[in-house]
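Side chains are part of it too, since the values below use all heavy atoms of this structure and drop only hydrogens, waters and symmetry mates. Index from 1, following the sequence. Quick caveat, the model's predicted, so the values are computed rather than measured.
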Amino acid sequence: MTIHPEGRALIPERSAGPRAGLRTVLRYAAYPALLLSVPAAAAAALVAHADIGRVLVLHQVGVIGYLWALERLIPHRRDWHPGGRELRCYGVYFVLTMVGGAIGQLLVTALVARVAPPHPALPLQAEIPLALLAGSLAKYLFHRWSHHQPWLWRLHGVHHGLDKVNVANNGVNHLLDVLLGQAVVQLALAWLGFSRESVFCATLFVVAQGYFVHANIDVRIGRLNHLLGSPEQHRLHHSTDLAESGHYGADLAIWDHLFGSFTWRPGQVPAAVGLSDPDSFPPTADVLASLLHPWRTAADATTGSSG
């Protein structure tokens, strides 16, 4: 029997048999398989000339389905599986986030078209890793600022008002938080002169990573934790213990190392996840109140930052 540090029994051990062997293989192979989907999707769009927008959507759906299945096969905590009522609530946020994100994307795309140079200065093979690094840094800085700037926290804190972390509730966000995050990253990349194709390839990786780090799965990536984001780190980001809730980089961990917000050590898990001050935000199930929360008076809404 595997015992959680808090003393809860999580996953019954089956030391022999094919199912135990499958779980062991999945713990180590699940992430490399996910990473391989990124160049495969990029090739489908850039080599086979498939529609970029359609490939992004199909890849996102595939990533969600893949990680959902892994949550049932190799869960980190079985009590973090969402129930029916939670799924309905998460679904409302997901739809609002997707619709708001699509509308916002139209505005961002129009702005990017005005800012981006007509011809990139570098070949695509050189652009892609540089776009990934630059976009990851912009996202890290905005994410960290969202935890410490009071009004931005009222947007971003909606995502932290949950007492579990899983693929389904990755979509629990405030519409404006999604829009502003998109705008900051994409406008930064356009201003730096990256092409639409390189931004697309970087976005495929970022989307896959965003869902991966939220997945309720028992994976092992070892020393790669110091280079890439992982569920092990991101659970700490959602910790109610502010001393361990760094990890603002969901895709790359290098910025957390560089700026002193990396706290993970092998085997380290949060005692609890959620808001350090739950009363500072409406309940997640109250969707309308959560969306209106940023405009509450300062006396009614504190920063309540989880890190």
Side-chain angles (χ1 to χ4, degrees), residues 4 10-11 22-23 26-38 40-41 56-101 139 143 156 158-175 177-178 181 203-221 224-225 228-239 247-251 253 264 269-270 272-274 284-285 287 290 306:
H4 188 271
L10 299 180
I11 306 170
L22 174 62
R23 286 195 300 275
L26 286 175
R27 287 182 185 121
Y28 291 94
Y31 185 47
L34 177 67
L35 289 180
L36 286 174
S37 74
V38 174
L56 272 173
V57 172
L58 290 176
H59 183 250
Q60 180 178 359
V61 171
V63 166
I64 293 171
Y66 173 67
L67 293 172
W68 177 273
L70 287 176
E71 286 188 334
R72 272 71 200 158
L73 293 170
I74 49 170
H76 167 65
R77 287 181 54 169
R78 295 190 186 278
D79 60 338
W80 277 7
H81 289 331
R85 180 176 296 180
E86 289 172 310
L87 283 175
R88 288 190 291 273
C89 174
Y90 299 164
V92 173
Y93 280 98
F94 181 78
V95 170
L96 288 173
T97 297
M98 293 297 288
V99 171
K139 187 176 180 183
H143 187 189
H156 185 63
V158 170
H159 179 65
H160 282 265
L162 301 153
D163 61 359
K164 57 184 70 173
V165 182
N166 54 51
V167 167
N169 63 31
N170 182 40
V172 176
N173 299 286
H174 195 286
L175 297 178
D177 189 31
V178 175
T203 301
L204 285 172
F205 174 73
V206 168
V207 170
Q209 278 290 120
Y211 281 98
F212 171 66
V213 299
H214 282 89
N216 176 32
I217 54 178
D218 182 21
V219 293
R220 304 284 191 276
I221 71 170
L224 281 177
N225 274 290
L228 298 163
S230 76
E232 298 165 277
Q233 299 168 33
H234 203 71
R235 291 175 197 128
L236 292 172
H237 174 69
H238 281 263
S239 175
H247 303 288
Y248 302 103
D251 37 35
W264 174 81
V269 295
V273 299
T284 300
V287 179
S290 294
S306 69

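- Minimum interatomic distance between Leu73 and Arg23 (heavy atoms only, all atoms of both residues): O-CD, 3.5 Å.
- For His234, the side chain to side chain donor-acceptor pair (under 3.5 Å) test picks out His214, His238, with sequence neighbours left out.
- With sequence neighbours left out, the salt bridge (Lys or Arg N to Asp or Glu O under 4.0 Å) criterion links Arg220 to Asp218.
- Residues Trp80 and Arg235 meet the side-chain proximity criterion, which asks for heavy atoms closer than 4.5 Å.
- With contacts defined as side-chain heavy-atom distances shorter than 4.5 Å, the pair Val273/Pro270 qualifies.
- Close placement of the His237 and His143 rings is indicated, their centers lying within 6.0 Å of each other.
- Listed by chain and number, the residues in a side chain to side chain donor-acceptor pair (under 3.5 Å) with Asn166 are Asn169 (sequence neighbours excluded).
- Here the shortest heavy-atom pairing between Ala30 and Leu70 reads CB-CD1, 3.6 Å.
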Please test Val63 against Val207 for side-chain contact (heavy atoms from CB on, under 4.5 Å), starting from the C-alpha separation and ending with a verdict.
CA-CA 9 Å; Val63 166; Val207 170; 5.7 Å; no
Is there a side-chain contact (heavy atoms from CB on, under 4.5 Å) between Leu228 and Asp251 once you walk through the steps?
CA-CA 6 Å; Leu228 298 163; Asp251 37 35; over 6 Å; no
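- The minimum heavy-atom distance linking Ala168 with Pro82 is given by the pair CB-CG, 4.1 Å.
- Ring geometry for His160 versus His156: interplanar angle over 60°, hence perpendicular rather than tilted (30 to 60°).
- When all heavy atoms of Val38 and Ala208 are compared, the pair lying nearest together is CG2-CB, 4.2 Å.
- Remark: Ser230 pairs with Asn225 by the side chain to side chain donor-acceptor pair (under 3.5 Å) rule, at least two apart or across chains.
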What's the verdict on side-chain contact (heavy atoms from CB on, under 4.5 Å) for Leu96 and Val287, showing C-alpha distance, side-chain angles and the deciding distance?
CA-CA 10 Å; Leu96 288 173; Val287 179; 3.9 Å; yes
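- Across all non-hydrogen atoms, the minimal contact from Gln233 to Ala253 is OE1-CB, 3.8 Å.
- When atom types are taken as modelled, the side chain of Thr284 and the backbone of Gly161 share a donor-acceptor pair closer than 3.5 angstrom.
- In this structure the side chain of Leu236 reaches within 4.5 angstrom of the side chain of His247, judged on heavy atoms.
- To the nearest 0.5 Å, atoms CG (Leu87) and CZ (Phe94) are separated by 12.5 Å.
- Here side chain to side chain donor-acceptor pair (under 3.5 Å) pairs that include residues 57-68, with residues two or more places apart or in two chains, are Ser37-His59, Gln60-Tyr211.
- Side-chain atoms of Leu162 and Tyr90, non-hydrogen and from C-beta on, do get closer than 4.5 Å to each other.
- Taking both residues in full, the closest heavy atoms of His159 and Val172 are given as ND1-O, 2.9 Å, listed atom of the first, atom of the second, then distance.
- Taking 4.5 Å as the limit, some side-chain heavy atom of His81 sits within range of a side-chain heavy atom of Arg72.
- Put simply, the side chain of Val165 does not reach to within 4.5 Å of the side chain of Asn216, judged on heavy atoms.
- Looking only at side-chain heavy atoms (C-beta outward), Val167 and Glu71 come within less than 4.5 Å of each other.
- For Glu86, the salt bridge (Lys or Arg N to Asp or Glu O under 4.0 Å) partners are Lys164, not counting sequence neighbours.
- The main-chain N or O of Val269 is never found under 3.5 Å from a side-chain atom of Glu232 such that the two would form a donor-acceptor pair.
- At least one side-chain heavy atom of Phe212 sits under 4.5 Å from a side-chain heavy atom of Ile217.
- A side chain to side chain contact (heavy atoms under 4.5 Å, CB included) with Tyr93 holds for exactly one of Val158, Asn173, Asn170; it is Val158.
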